[in-house]
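Scroll down for the structure; my scribbles are underneath it.
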Amino acid sequence: MFERLQEKLSKIFRSLSGRGKITEKNIEEAVKQVKISLLEADVNFKVVKEFVESVKAKALGEEVLRSLTPDQQFIKIIRDELISILGRHPSTLNLKHHPAIIMIVGLQGSGKTTTAAKLALYLKKNGRNPILVAADTYRPAAIDQLEKLGKSINIPVFTGDRKNPLKIVEEALSFAKNSQYNVVIMDTAGRLHIDDEMMEELEKIKNITNPDEILMVVDAMVGQDAVNSALEFDKRLNLTGFIVSKMDGDARGGVILSISYVTGKPVKFIGTGEKVDALEPFYAERIVSRILG
Ligand code: GDP
């Protein structure tokens, strides 16, 4: 874990520490290196700034200055800080109602529709009996896409009248209440950019359905922009968590740290491919080394 950063930090401490004496200056250099790693991983720059300040304050404490292995001590501080932001334990879904309701939201192209199907399959494999609801009436292909995905995993897709998303979710709920399905997963509309009309529609769907989980799908590749959209969605909908898609790409996952930090909400799953079984519960430990590089 952290081999590359560890190596760089050891070098800094060695070259600057003189006769084994650790000074404020080496800490300064080490912090700079951490900053670079985080920025390279596409962590939001404001988050990086606050994060390194808090790491620095901790590192300047007696413990590191006196430690015989300051580089390791320093790495431990960074690691602990990251894990405390990301959540020490994997965050599970909180499904209380019968049927339980999961609302999937996000910008268009984030992977929302695919993720709704992935989550349905995941829950089915874990003993649930889910039904999908196609309430994204804006992107014309979204409903067909969800139907196709549903068919491929043998999970029914409720489509309703295809035009009125509020009516669709209402009908889907009353259908599910009188059926054997115990989880309702709603795919909702996304736009390329957040707009008021979209948010109002999502708020209405939330009010009608009272979801157990409102999960925002965020594309790992979008980088710095993720923070603003996550904050806006959270402000309007009070999200219960995130699913970060496209973690199979080049992204080092800085988005995960940024959105967890600014919203305080957990990332619950990551998407790791286009296939419908490419969804994994999120483990902070696994992602930390990827972020630090
Ligand atoms: P929506 O507009 O948010 O509903 O997005 P879609 O579900 O249609 O996904 C947009 C594109 O991203 C599609 O080509 C998906 O196959 C792809 N996609 C979704 N999740 C992942 C993922 O975890 N990894 C990769 N590589 N592609 C993904």
Side-chain angles (χ1 to χ4, degrees), residues 87 89-106 110-137 142-143 145-147 149-160 164-190 201-218 230 233-234 236-245 260 263-271 276-283:
H89 305 290
S91 186
T92 47
L93 292 173
N94 191 9
L95 305 177
K96 288 193 299 272
H97 294 110
H98 187 92
I101 318 254
I102 302 176
M103 182 173 172
I104 306 285
V105 300
S110 60
K112 214 167 18 67
T113 303
T114 315
T115 303
K118 286 179 177 182
L119 196 56
L121 179 61
Y122 175 87
L123 288 168
K124 188 176 161 183
K125 283 183 182 165
N126 283 278
R128 299 274 181 161
N129 193 5
I131 181 170
L132 286 156
V133 180
D136 180 357
T137 53
I143 295 179
Q145 184 189 346
L146 194 63
E147 279 194 308
L149 286 164
K151 209 169 264 173
S152 75
I153 51 180
N154 216 3
I155 291 174
V157 177
F158 192 95
T159 54
N164 182 342
L166 302 181
K167 217 167 132 198
I168 294 174
V169 298
E170 248 167 351
E171 286 173 6
L173 274 203
S174 56
F175 170 77
K177 274 180 190 147
N178 300 309
S179 72
Q180 76 278 28
Y181 301 108
N182 53 21
V183 188
V184 177
I185 302 171
M186 305 181 292
D187 180 27
T188 62
E201 180 182 302
L202 295 177
E203 281 168 338
K204 282 182 192 155
I205 292 180
K206 177 187 170 177
N207 291 338
I208 291 173
T209 58
N210 187 23
D212 298 73
E213 290 275 356
I214 306 177
L215 301 170
M216 179 179 181
V217 179
V218 177
F233 272 82
D234 190 38
R236 300 286 290 255
L237 298 167
N238 192 13
L239 303 171
T240 59
F242 294 95
I243 300 181
V244 176
S245 66
S260 304
T263 63
K265 303 286 169 72
V267 172
K268 298 204 170 187
F269 292 90
I270 55 170
V276 86
D277 61 353
L279 184 78
E280 297 172 10
F282 172 70
Y283 292 97

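These numbers come from a predicted model, not from an experiment. We use all heavy atoms of the structure for the numbers below, so side chains are in, but hydrogens, waters and symmetry mates are not.
Rounded to the nearest 0.5 Å, atoms CG (L166) and NZ (K204) are 6.0 Å apart. Atom OG1 of T263 and atom CZ of F233 lie 13.0 Å apart (nearest 0.5 Å). With values rounded to the nearest 0.5 angstrom, I185 atom CD1 is found 11.0 Å from T115 atom OG1. Atom-to-atom distance recorded for F158:CZ and Y181:OH is 11.5 Å, nearest 0.5 angstrom. One distance of note links CE of M186 with NZ of K112; it measures 12.0 Å at 0.5 Å rounding. Atom-to-atom distance recorded for I131:CD1 and Q180:CD is 8.5 Å, nearest 0.5 angstrom.
The nearest pair of heavy atoms linking I155 to P130 is CG2-O, 3.4 Å. Closest heavy-atom contact between L202 and A189: CD2-O, 4.2 Å.
Between the side chain of T209 and the main chain of I205, a donor-acceptor pair closer than 3.5 Å is present.
Aromatic ring centres of F269 and Y122 lie closer together than 6.0 Å.
Looking at heavy atoms from C-beta onward, N164 lies out of side-chain contact with T137 at the 4.5 angstrom threshold. Taking the side chain as every heavy atom from C-beta outward, L215 and L119 approach each other to under 4.5 Å. Side-chain contact between V184 and F175: absent, with no pair of heavy atoms (C-beta onward) separated by less than 4.5 Å. Looking at heavy atoms from C-beta onward, L132 lies out of side-chain contact with D187 at the 4.5 angstrom threshold.
Each of L121, V276, V157 was compared with L149 under the side-chain contact (heavy atoms from CB on, under 4.5 Å) criterion, and only V276 meets it. The salt bridge (charged side-chain N to carboxylate O under 4.0 Å, His left out) with E213 is formed by just one residue from the set K268, K206, K265; it is K268.
Evaluation of the salt bridge (Lys or Arg N to Asp or Glu O under 4.0 Å) test over residues 115-129, restricted to residues two or more places apart or in two chains, returns none.
A donor and an acceptor atom, one from each side chain of D136 and T188, are nowhere located under 3.5 Å apart.
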Tabulate below the donor-acceptor pairs under 3.5 Å that side-chain atoms of residues 95-105 make, not counting sequence neighbours, or state none.
{"residue": "H97", "atom": "ND1", "partner": "D212", "partner atom": "OD1", "Å": "3.2"}
{"residue": "H97", "atom": "ND1", "partner": "D212", "partner atom": "OD2", "Å": "2.9"}

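In this structure, the side chain to side chain donor-acceptor pair (under 3.5 Å) partners of E203, at least two apart in sequence or on a different chain, are R236.
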**Study point:** Residue pair I243, V218: steps toward the side chain to side chain contact (heavy atoms under 4.5 Å, CB included) verdict
**Key:** CA-CA 6 Å; I243 300 181; V218 177; over 6 Å; no
**Study point:** Working for side chain to side chain contact (heavy atoms under 4.5 Å, CB included), residues M216 and D234
**Key:** CA-CA 9 Å; M216 179 179 181; D234 190 38; over 6 Å; no
